[in-house]
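The basis for the numbers below is simple: all heavy atoms, side chains too, and nothing from hydrogens, waters or symmetry mates. This is a predicted model, so every value here is computed, not measured.
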Amino acid sequence: MQNIFLDTNIVVDFLGERENFYEASAKVLTLADQKKIKIFTTSNTISTTYYIISKYENSRIAIEKIRKFKLLCSISITDDEVIEKAINSNFKDFEDAIQYFSAVATDCDLIITRNEKDFKNALIPVMNAESYLQTLKK
């Protein structure tokens, strides 16, 4: 079973039901629900997603969405070593560095994001949800 790391934008796309992005993210989450893949994200992604969703929806609805999402998703490692690596990395965006090193520390096989260019120095594959779903059809 593949370990898949979801970047914050994918989680927000799914829980926020963002137009043009929801369908692909929902298909990835369906694979997790069917136990075909195991998904991970950081605790920071959970809190950021709640913050964003609660701006547009009732906070109780936002926390319920997080609760249901958490049934499908595990929290990746974000320890001192991950933060040190992120601080000392050549990533332009610190949050992306944390996401990347957390995915690596958790032994994820792949990162799914809408911002592939932000992970250009990644040593594990990085792709968007649509591209990932296309690889499964081959």
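- In this structure, a donor-acceptor pair under 3.5 Å is absent between the side chains of Gln99 and Thr41.
- Counting non-hydrogen atoms of other residues, nucleotides and ligands closer than 6.0 Å to OH of Tyr51 gives a total of 12 or fewer.
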Would you mind writing out the side-chain donor-acceptor pairs for residues 29-38 within the sub-3.5 Å range, not counting sequence neighbours?
from  : atom 1 : to    : atom 2 : distance (Å)
Thr30 : OG1    : Ala26 : O      : 2.8
Gln34 : OE1    : Lys36 : NZ     : 3.4

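- In this structure, OG1 in Thr45 is found 8.0 Å from CZ in Phe69, a value given to the nearest 0.5 Å.
- Other residues, nucleotides and ligands contribute more than 12 heavy atoms inside 6.0 Å of the NZ atom of Lys70.
- Closest heavy-atom contact between Ala129 and Ser25: CB-N, 4.3 Å.
- Under the 4.5 Å side-chain heavy-atom criterion for ILVMFWY residues, a single connected hydrophobic cluster contains both Ile53 and Ile63.
- With sequence neighbours left out, Tyr22 forms a ring-ring contact (aromatic ring centres under 6.0 Å, His included) with Phe14.
- Going from atom CD1 of Ile4 over to atom CD1 of Ile10 covers 11.5 Å, rounded to the nearest 0.5 Å.
- Atom CD of Gln2 has more than 12 neighbouring heavy atoms from other residues, nucleotides or ligands inside a 6.0 Å radius.
- Between Glu57 and Glu64, the closest side-chain pair of non-hydrogen atoms is not below 4.5 Å.
- Side-chain contact between Val82 and Asp79 is present, with heavy atoms from C-beta onward closer than 4.5 Å.
- In terms of the ring-ring contact (aromatic ring centres under 6.0 Å, His included) criterion, Phe5 has no residue partners (sequence neighbours excluded).
- In this structure Lys92 satisfies the side chain to side chain contact (heavy atoms under 4.5 Å, CB included) test together with Lys120, sequence neighbours excluded.
- Annotation: the span from Glu84 atom CD to Ile87 atom CD1 amounts to 5.0 Å, rounded to 0.5 Å.
- Side-chain atoms of Thr106 and Asn3 include no donor-acceptor pair closer than 3.5 Å.
- No side-chain N or O of Tyr56 forms a donor-acceptor pair with one of Glu17 less than 3.5 Å apart.
- Counting heavy atoms from C-beta on, the side chains of Val126 and Leu110 never come closer than 4.5 Å.
- Defined by atom type and a distance below 3.5 Å, a donor-acceptor pair is present between the side-chain atoms of Asp7 and Thr113.
- Open room surrounds CG on Asp80; 12 or fewer heavy atoms of other groups in view lie less than 6.0 Å from it.
- With sequence neighbours excluded, the residues satisfying side-chain hydrogen bond (donor to acceptor under 3.5 Å, both in side chains) with Ser76 are Ser102.
- For the side chain to side chain contact (heavy atoms under 4.5 Å, CB included) test, residues two or more places apart in sequence or in another chain that qualify with Asp118 are Asp96, Asn115.
- Between the OG atom in Ser131 and the CD atom in Glu116 there is a gap of 5.5 Å [rounded to 0.5 Å].
- Looking at heavy atoms from C-beta onward, Glu130 lies out of side-chain contact with Gln134 at the 4.5 angstrom threshold.
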